[in-house]
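Heads up, the thing below is written out as structure tokens.
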Amino acid sequence: MYYRNKNKERQKKKAPEVLKLSFNIQESIKAMLNNADKYYNPVFCRSFESEQGNKYHQFHDTQFKRKFLEIIHGDIQQNLAKAINVTSKLQRNSDIDRILQNDYREKHNQDAYNNMLKLRLKLPVYKKRSEILQLVEDNQVVVISGETGCGKTTQVAQFILDDELEAGNGSVTRIICTQPRRISAISVAERVAMERTENLGNSVGYQIRLEKQLSRDHGSILFCTTGILLQIMKHDPALKGFSHVILDEIHERTTESDFVITLLKQVIPKRLDLKVLLMSATLNAESFSKYYNNCPTIHIPGFTYPVQEFYLEDVLSFVNYKFPEAPPEPTGYRKHLKRYKEQQCKKEEFLDILQPYIRQLMAEKKYETHIIHQLWNPNSENLSLELIEKLVRYICNTKAPGAILIFLPGMIDISNLNKMMLESGCYSSHTYVIYPLHSRMPTVDQKLIFKEPPHGVRKIIIATSIAETSITIEDVVYVIDCGKTKFGKFDVSKNIQTLEPEWVSLANAKQRRGRAGRVKSGECYHMYTKAREMTFDHYPLPEMLRTRLEEVILQIKTLQLGRVKEFLSTVMDPPDLKAIDLSLALLETLNALDKDENLTPLGYHLAHLPLDPRTGKMILWGALFSCVEPIFAIAASLTFKDAFYCPLGQEEQANKKKLELSMGQYSDHIALAEALRRYEVARRRGNARQFCREYFLSFNTLKLLSEMKAQFAQYLYEMRFLDSENPSHISSNRNSDNIALIKAIVCAGLYPNIAVVRRVTKNGVVSWTPEDGSVRIHPSSVNNRVSNFPSRYLTYFTKQRSTAIFLHDTTCISVPILLFAGPNMSIKREKGQYIISINFSETIICEEESAELIQELQQALNSLLEYKVTNPATVSWSTFEVNLLNAIIELVSQTDQELGFDSTRENASYHEDSTYDIN
DNA sequence: GAGCACTGC
């Protein structure tokens, strides 16, 4: 009874407020809308029937109209057929042939070149040179399989180039070679240029996003990321600019390389003179050959030093360790019951797989009984940092000098092991250096980690899978592989991204082992049994099967590859139809595709921006509303990565600094914008590095983000959505200091990603979304420890299920902002009041006239956006358009101040420290 | 109280 009363009381307190716009705002919206009738009705709200009967919005701009209709009505087969007849840059020119031939022959007289050649001759791949060249000569597609250290990445393109130069075919030879990572594209290009005793930009070049050193047009090799090749194919689908395409590391099965492989299958029959080389690790080379009608495969042996392997059973004989006993029986709670069931499942699997093996070990009597006893314990399959620490100590005490590399699943584990080691007192800084290595930790940007430590000091690196391929530390001799890795997936049935630890694949395990044998023979300690290894998958799941497909679909549409499902059924491992449907539905909601899967004008722009479609929409709004700096900064941070480090042991200080950057706005997004703004101010003053240290930010990331902002501005300028290609230009930043507006645009871009705050607990904030029910705010969000929110609504970009469903980045938004952002709200009249529901279980009660005005404002704004994307142009800040935008600005700003958000800047501003190019 | 790793004319 007491609780019921208390509850009632609570409900009373929560009696819904009725939203009413202030008189002034109502008047100005009315005046504006009256004006609007005259202005926009004939222009905005009419559609026209195109020749094909499809419904499109009215075009004025003929240039955009031409481009757009071309994409809508074209198809790849026609384009390829057309492209074949176009004369390419690669025209035979006997003068060039002769010059390049002499130039190449000349090299053999240089000592430097010949010294490099001596080294190259030692690579295993060199023994197969003539065989590879013959295969390429005889076949259009060849698969080259080879292990690390065989030299294929640096040599194969050179074999082809040198062969053609020598044969006098320089003018018609141009090789493009893709790499999955930016760093490798650059470093391979640099290495190859060095081997040819040239500077970059001659016969060797590279191109990655925001950075290039192109090679000459004839007789050359261009190393680039796979994404760049895809971009090239958008305007040169037949790849007329190239004679050879080499795709390296395709066994990694990135979405991009899988996509390119599928696309090339259509290009090959039309361009019989194009040679394609697919380079892969040995493990799955066969499947690529199969995919290309059993094209020939050539295998190249690798060269690495031998690595001795140990498994859990061996490790237990080196160190004395007891796994904790099995967990207690379940209690009645449902939550625990679920976990208990999971554990039972695991236990059964454990017994099925491992029992026979343990019996065999017993029979062989190779291991002592106490070890066998440990293996019987199902907890031996769980990650034990204690055991790993004991093993590290064992290696340090009994083995020869050499760096130790430890693979762990994630940040928490790295942090815990690091702490454990420091607190044990066994790793004095005179004899040990310990580096945690994670993409979000400051050590990734340090060069120190690659250096050999002073004599008598042992280097210990505690890393995630980042040290498998992305970061190579040469002097590693001992590898400890915990056997697990965190894996991002997309749960189709629940429509949610997940991140959970899983057993690695054999390919990962092999790669980890190989890290121990780069400079001399090494040792690898697997923290799982030989039996467990037998259950590992051969390879990780291809990326295309574990991510959302919006961007892939937009690519399919701009490349005019036809129906999405039809095309995706031709990739090597086609994604789930349900996953395709979910992404198609979202693109339709965003108005990027129409009901028939056709690209809309908005979709056309989103497909051309190097951004996720939601953040793409955000930057279009940012351009229209003239608040480019903060919005572009937020969009770049969300799709690329944010610059905030997680510094071990200083997490609290880092969180405080982030809170400071959020400027009392209850918003991670504002903190992202502010971080980049202050970085740019600091850079102009010459103290950017110091600023980054003080605020626990990554200098490298901020630098890239800043450049990305400029790239967005360039595209939008070319499309005429902006008046300047400089993102700092005053004309693009009239409203950059209006924080309420910034939040409104963030919300409009991220909509329908809205959550409602339910309650604040000791352990953080619990919120609610219609799709998932209860969700948590991630501890790294500035909003996780807020006790009193000015509004109950949050917008977010990333939602991910790990130990719970977390919203990683959040912005608290007021009701008017929510109304502005939600494009499909419905207004119902009930008991004399208007109830606005926003595709969302929460309803907002609104005073009648305000409701109508908001709805009309919404419609006018949507028409404006549609009109603008169809007829790209900037807003003329002196006309009706500006009245409409100002009315919206007023609407979203109004209650922000009342709610206690500080909406205007006092100390800091985008207009301070003026660097605007007024001209 | 916690984010494997990549990428884009």
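Below, chain A is the first sequence line, B the second, and so on; all start at residue 1.
Within the structure, every pair that satisfies the side-chain hydrogen bond (donor to acceptor under 3.5 Å, both in side chains) test and touches residues 535-544 of chain A, not counting sequence neighbours, is listed here: A:Thr255-A:Glu543, A:Arg532-A:Thr535.
The CG-P distance, from A:Asp248 to B:dC6, rounds to 17 Å in whole Å. When the C1' atom of B:dC4 is taken as reference, atom CD1 of A:Ile412 falls 14 Å away, rounded to whole Å. Atom-to-atom, CZ of A:Arg546 to C1' of B:dA5 comes out at 8 Å; the value is rounded to the nearest Å. Look at CZ on A:Phe640: it is 21 Å from P on B:dG3, rounded to the nearest Å. Rounded to a whole Å, the CG atom of A:Leu716 is 14 Å from the C1' atom of B:dC9. Here B:dC4 presents its C1' atom at 15 Å from NZ of A:Lys484, a figure rounded to the nearest Å. One atom, NZ of A:Lys212, and another, P of B:dC9, lie 9 Å apart when rounded to the nearest Å. To the nearest angstrom, P of B:dG3 lies 13 Å from CD1 of A:Ile805.
Within the 4.0 Å cut-off from OP1 or OP2 of B:dA5, at least one side-chain nitrogen or oxygen of A:Ser439 is found. Checking the phosphate oxygens (OP1, OP2) of B:dG8, no side-chain nitrogen or oxygen of A:Thr639 falls inside 4.0 Å. Dashed line: the shortest gap from a side-chain N or O of A:Ser415 to OP1 or OP2 of B:dA2 is not under 4.0 Å. Between B:dA5 and A:Lys486, no contact under 4.0 Å exists linking OP1 or OP2 to a side-chain N or O. Within the structure, a side-chain polar atom (N or O) of A:Ser802 is placed less than 4.0 Å from OP1 or OP2 of B:dG3. Taking only side-chain nitrogens and oxygens, A:Arg440 never comes nearer than 4.0 Å to OP1 or OP2 of B:dC4. Note on A:Gln711: a side-chain N or O is less than 4.0 Å away from OP1 or OP2 of B:dC9.
The listed nucleotides are B:dA2, B:dG8, B:dA5; the one nearest the side chain of A:Arg209 is B:dG8. Nearest nucleotide to the side chain of A:Pro779, out of B:dA2, B:dG8, B:dC6: B:dA2.
Within the 4.0 angstrom heavy-atom criterion, no nucleotide atom of any strand lies near A:Leu230. Residue contacts shown for A:Glu551 include a base, since a base heavy atom lies under 4.0 Å away. Using a 4.0 Å heavy-atom criterion, one finds that A:Asp642 contacts the bases of the nucleic acid, with or without backbone contacts as well. In this structure, A:Tyr715 reaches neither bases nor backbone, as no heavy-atom distance under 4.0 Å exists between it and the strands shown.
Taking the six-membered ring where tryptophan is involved, the planes of A:Phe64 and A:Phe68 are essentially parallel, since the angle between them stays under 30° and well short of 60°.
A:Asp236 is linked by a salt bridge (charged side-chain N to carboxylate O under 4.0 Å, His left out) to nothing, counting only residues two or more places apart in sequence or in another chain. With sequence neighbours left out, the side chain to side chain contact (heavy atoms under 4.5 Å, CB included) criterion links A:Lys419 to A:Glu423. Considering only residues two or more places apart in sequence or on other chains, A:Glu550 meets the salt bridge (charged side-chain N to carboxylate O under 4.0 Å, His left out) condition with A:Arg548. Partners of A:Ala467 under the side chain to side chain contact (heavy atoms under 4.5 Å, CB included) rule, at least two apart in sequence or in another chain, are A:Leu405, A:Phe407, A:Leu437, A:Ala463.
Within residues 494-504 of chain A, the residues approached by DNA chain B to less than 4.0 Å at the level of any non-hydrogen atom are A:Leu499, in residue-number order.
A donor and an acceptor atom, one from each side chain of A:Arg515 and A:Thr472, are located under 3.5 Å apart. Residues A:Ser781 and A:Asp668 have side chains that bring a donor and an acceptor to within less than 3.5 angstrom of each other.
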